[in-house]
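Have a look at the structure below before the remarks.
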Amino acid sequence: MRSDSSDDDFLLARASHLSAPTISPSTDREMDKSASKARPVPAGISIRNGPVGDRMDVDSTPNGAKRKSRSSVGQAVKYKEESDSDDGAPLAKRPRPNQKKAQPDSDDEPVARRNGTKLPPSYKETATLESSDDDQPLGTKLAQRKADIEKAAVKEAKALRADAKAKKATPKKAIKDESDDEPLAKPKKRQSNGVSSAKKTNGVKQEPESDSDAPIARKAKKAAPAPKKGKAAPASKAKAVKDESKDNSEGEEEEEYRWWDAPKKEDDSIKWNTLEHNGVLFPPPYEPLPKNVKLYYDGQAVNMHVDAEEVATFFGSMLHSTLNVENPVFQKNFFNDFKDILKKTGGAKDANGKAIDIKDFKKLDFTKIFEHYKALSDAKKARPAAEKKAEKAERDKVEAPYMFCKWDGRKEKVGNFRVEPPGLFRGRGEHPKTGTVKKRVMPEQVTINIGKGAKVPAPPAGHKWKAVQHDNKATWLAMWQENVNGNYKYVMLAANSTVKGQADFKKFEKARELKKHIDRIRADYTRELKSEVMADRQRATAMYLIDRFALRAGNEKDTENEAETVGCCSLKYEHVTLKEPNIVVFDFLGKDSIRFYNEFPVERQVFKNLKMFKKAPKEDGDDIFDRLTTSQLNKHLSSYMPGLTAKVFRTYNASWTMSHLLQKLKVDDRPMSEKIKLYNDCNREVAILCNHKRTVGTGHEAQMEKLGDRLKGLKYQKWRTRMMMLDVDPKLKKKKGAEFFELDPELDQAWIEKHQAFLVEELKTKIEKKFEKDNEKLAAEGKTAMPAKELKERLKAVGELEAKFKKENKTKKVEAEGKGPTVEKLTTAVDKLDERIKTLEIQCADREGNKDVALGTSKINYIDPRLTVVFSNKFKVPIEKFFSKTLRDKFTWAIQSVGDDDTWEF
DNA sequence: TTAATCACTTAGAACTAGCTTG
DNA sequence: CAAGCTAGTTCTAAGTGATTAA
């Protein structure tokens, strides 16, 4: 019954390749044809880091078609203005009808650099925790475990429902149950604020100038306190602990508000009743360069208007950021803006006031500017501590008024009260606008949201706010629109605030609620994988991917003005490759242009579907899910459970996975440090699941090498010690066997000699340093320094060491060192070395496995903090070991509501 | 519908503070 | 006792998804 009927079809068809609305059995069968007899790999096993090389080349495609096709049609998008001008059809924002023609748009801009530049680090051997044993590609285990976990999930869902049926009124949630408050008290949206009605123009809203502070007038309604199910106080059964005694608020002004103990709010669309704050803090004005610091053009010092100079300093002060500065798009955008401002402000002049025509970026030399700023910051760093402290105090004083606001009478921390300073926009990945000037935000652009009765913060002298509104359905205190992309910037409360905490709590409760429905949802989409309605089949397939592989929803993007990244629903032809009989290879850039590369075995039906969605004439640039949008998907999801959207799956999967990984750990009698490591290992698996990455630092390789050398050094020392044993007691060779004294094969002679040289050198510098220091000390005490002779004397040890090594190399023997060496003593020495080797090895593996995985994001956003609290309780590991101070603040609700309970479950 | 707007969460990189450690 | 690192914090870009407007 899908109604993307004619009209739609027509539109789409004309734009790109669309799959048939329905699927005939024959088509279905066709997909089977090519399937070899090969035995499918069981679904759920992932193969990470498969081949990478060639496929990496996103650009080249079989037929030479460009991957990056653009919506040629009059450069689509361009809001307002444009829309009426050219091409009557406002071509959807959705790049969806992604026409591939227009491809030879080749060089109109240096954007074409796609290949070399970005493309994430090399992933040839991406992390691999448990590097140990198995040759199985990393993800495998994870996936296997995941399969188990899923099974468990189904079971639990059933149990939950049965349970619920049995005793309807007793939800199993902890704390006051949020979720099943059911008919979903829709937040009831506010309508726009003073800014509304504005239109994007070139990506930026136009001043409506409607200003004044009139707007507002929420539609306060909101389906009245919905007939809140009878369910009285949600007696949290799991955690009886909490004293239900309403918080002991005692009005205690500064006492923290234990909202998690308080009764649930009926209407959570109203975020506050009173709100007071002091607005925003503007960045300091631009400070012109000293006379002697200039920008140079073709070797000539350039004079220009301060406004232009400021822009020049934006670039000049970031020369260290080669990634940006050397990016041609960045340069181009910057240069255009720079020339613009020059033109507007009277141009550039040489020392004699003669105009300089700046037209070649390459001739600009910013180094003097860069050095100037470098010197400034160095000087700043070098200042005496007292001075720094004084400055900090001063800064704190300035900030103080903005740090907190009064929200319903309570003091709450404000998050980002600072207005973003001007600079160059640093878009990530291949952002077409990277390098454009981000202009200074003026008070006239800033809208203030504040309580009706509250005193409106005064704008900087001589200025006024764009608008002042009193929207208590919004949580932001101030807002402005940025000029580069026209994005909104909000000043909101800090993560540890009540509102944010409540939202966080709600998010996790929502994810927990999904537990109750997951089996049904999975059963449904599994069935619908075979639907003959294309739209349904695509939806089911997408759900499968989102559920199993934690893909993001994949909203449509503005191809023209944003980096090309995708999520599930926006996957394109070239992002998915199929390997018979059932392996799907994903390779695309996701959020933040982070590469997602994975090979997953999938259920055969999913494989067939994807094959079908890629069926000719589809080609590079075409949507795989051409009959699915995120809104359709989410709409469907919400039919299972109010508030269920694609995003919830990520939270659910991450927390659920963490929960089960933790449960499986054998932790009990381990030392604390190991418990922590085990926890982190689980955390890491979740991070991998969510594809949270960090760039491996440039120094990584070198660091690893250093560690490796240290490790080898230890092994060498161990060997030497054993040889000493032999020296003490030659009979040992028989007793222990020759093997015992064998040199580790990875230590070849060449390395040994290098290492010996290193040791010798090390000893030398050590002695020299010591000598110097001793002399300084003597000098300080007014005594005369030791003569150089003394140094020579001391350095004799170096020569001795060198000689010793030489001898060892020749005789292949090692003389026992130390006083009264015995086999015993040497044995303990070896044991100690072994110990150190082991810890170092672990450390190495750990670091290698961790090099490109970021644990933080999942800890902060996806893993229900209560899981961590319970783990901490259960195994007596202080919570500080898992949560930093700020995280503890952010998760106070979790820490407090769980208390010392160690039975809470996700 | 579909496109546009708006609010809020999620994300990695840049920056910083505090801690070895050489 | 600075250098060098790491862990923690700040910054702001880039997503998601609800609502509204046309």
Side-chain angles (χ1 to χ4, degrees), chain A residues 3-4 7-8 11 77 79-80 83 90-94 96 186-193 195-200 205 219 271 318 320-321 323-324 377 381 415-416 418 420-421 423 425-429 431 433-434 438 449 471 473-476 479 481-482 484-490 492-495 499-500 503-504 507 552-558 562-563 565-567 569 590-594 629-631 633-635 637-638 643 645-648 650-651 690-695 697 699 703 762 765-766 769 773 847 854-858 860-862 883-887:
Chain A
S3 64
D4 41 359
D7 221 348
D8 191 18
L11 222 173
V77 207
Y79 301 110
K80 184 51 178 196
S83 65
L91 215 311
K93 168 180 183 140
R94 175 144 225 234
R96 129 107 71 91
K186 260 319 168 167
K188 219 52 212 190
K189 230 355 194 255
R190 87 190 80 5
Q191 62 195 193
S192 68
N193 41 41
V195 196
S196 67
S197 83
K199 285 283 155 37
K200 277 203 172 185
K205 272 187 168 187
K219 22 179 50 183
K271 303 298 184 9
M318 61 184 291
H320 58 281
S321 177
L323 197 86
N324 289 304
S377 86
K381 257 181 250 158
N416 54 329
R418 234 182 276 276
E420 293 174 15
F425 172 69
R426 292 147 89 110
R428 309 190 180 172
H431 195 118
K433 299 213 178 164
T434 192
K438 199 168 98 169
N449 190 38
D471 182 355
K473 291 202 167 69
T475 67
W476 51 271
M479 180 223 52
Q481 211 172 0
E482 151 267 341
V484 178
N485 298 292
N487 291 333
Y488 300 92
K489 302 292 190 150
Y490 298 90
M492 295 188 194
L493 295 202
V499 251
K500 293 288 187 185
D504 216 26
K507 171 183 79 186
R552 294 192 180 82
N555 279 318
E556 50 200 58
K557 292 185 72 180
D558 172 354
E562 292 178 283
T565 60
V566 299
C569 295
K591 181 175 178 180
D592 292 307
S593 291
I594 295 296
T629 65
T630 50
S631 354
L633 175 64
N634 284 335
K635 193 169 159 216
L637 289 176
S638 68
T645 62
K647 168 178 188 287
V648 178
R650 257 169 96 77
T651 314
C690 296
N691 202 234
H692 290 145
K693 301 225 167 127
R694 58 177 180 176
T695 49
Q703 282 169 15
E762 191 183 47
T765 52
K766 205 162 132 195
K769 276 243 173 84
K773 222 172 241 158
R847 190 191 278 231
L855 305 195
T857 306
S858 51
I860 294 168
N861 299 302
Y862 288 104
F883 291 156
S884 67
K885 173 76 170 66
T886 32
L887 233 36

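Below, read A as the first sequence line, B as the second, and so on, with proteins coming before strands; counting in each chain starts at 1.
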Go through the structure and list residues passing side-chain contact (heavy atoms from CB on, under 4.5 Å) with [X], not counting sequence neighbours.
{"X": "A:I860", "answer": "A:L887, A:K890"}
{"X": "A:T645", "answer": "A:N634, A:K647, A:V648"}
{"X": "A:S321", "answer": "A:M318, A:N324, A:R426"}
{"X": "A:K591", "answer": "A:R552"}

Base, sugar-phosphate, or nothing for [X], non-hydrogen atoms under 4.0 angstrom?
{"X": "A:A563", "result": "nothing"}
{"X": "A:K591", "result": "base"}
{"X": "A:K381", "result": "nothing"}
{"X": "A:G567", "result": "nothing"}
{"X": "A:N634", "result": "sugar-phosphate"}

Between A:R650 and A:K635, which is nearer to the 5' end of DNA chain B once each is assigned its nearest nucleotide?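 Its nucleotide being nearer the 5' end, the pick is A:K635.
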Contact nearer the 5' end of DNA chain B, comparing A:K500 with A:N324: A:K500
Does OP1 or OP2 of [N] have a side-chain N or O of [X] closer than 4.0 Å?
{"X": "A:H431", "N": "C:dA13", "result": "no"}
{"X": "A:T475", "N": "B:dA7", "result": "no"}
{"X": "A:T565", "N": "C:dA14", "result": "no"}
{"X": "A:R552", "N": "B:dA11", "result": "yes"}

Do nucleotides 15-22 of chain B as a string where each nucleotide becomes B, S or -: B if the base has a protein heavy atom under 4.0 Å, S if just the sugar-phosphate does, - if no protein is that close. --------
Round to a whole Å and report the spacing from CG of A:L633 to P of C:dT16.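 Spelled out: CG on A:L633 to P on C:dT16 is 11 Å.
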In whole Å, I'd like the distance from the CG atom of A:D558 to the P atom of C:dG15. 12 Å
Nearest to the side chain of [X], which nucleotide is it out of [options]?
{"X": "A:N555", "options": "C:dG17, B:dC8, C:dA13", "answer": "C:dG17"}
{"X": "A:A854", "options": "B:dG12, C:dG17, B:dC8", "answer": "B:dG12"}
{"X": "A:S321", "options": "B:dC8, B:dA11, B:dA14", "answer": "B:dA14"}

Mind checking the NZ-CG spacing from A:K473 to A:N449? Nearest 0.5 Å is all I need. 12.0 Å
Among all residues two or more places apart in sequence or in another chain, which pass the side chain to side chain donor-acceptor pair (under 3.5 Å) test with [X]?
{"X": "A:D504", "result": "A:K507"}
{"X": "A:N416", "result": "none"}
{"X": "A:T886", "result": "A:S884"}

Report yes or no: does A:K433 contribute a side-chain atom to a donor-acceptor pair with the main-chain N or O of A:V484 at less than 3.5 Å? yes
Short heteroatom pairs, N/O only, protein and nucleotides 1-8 of chain C, under 3.5 Å:
residue, atom, partner, partner atom, Å
C:dT6, OP1, A:R847, NH1, 3.1
C:dT6, OP1, A:R847, NH2, 2.5

Do A:H431 and A:N485 have side chains that get closer than 4.5 Å, going by heavy atoms?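 Of all side-chain heavy-atom pairs linking A:N485 with A:H431, at least one is under 4.5 Å.
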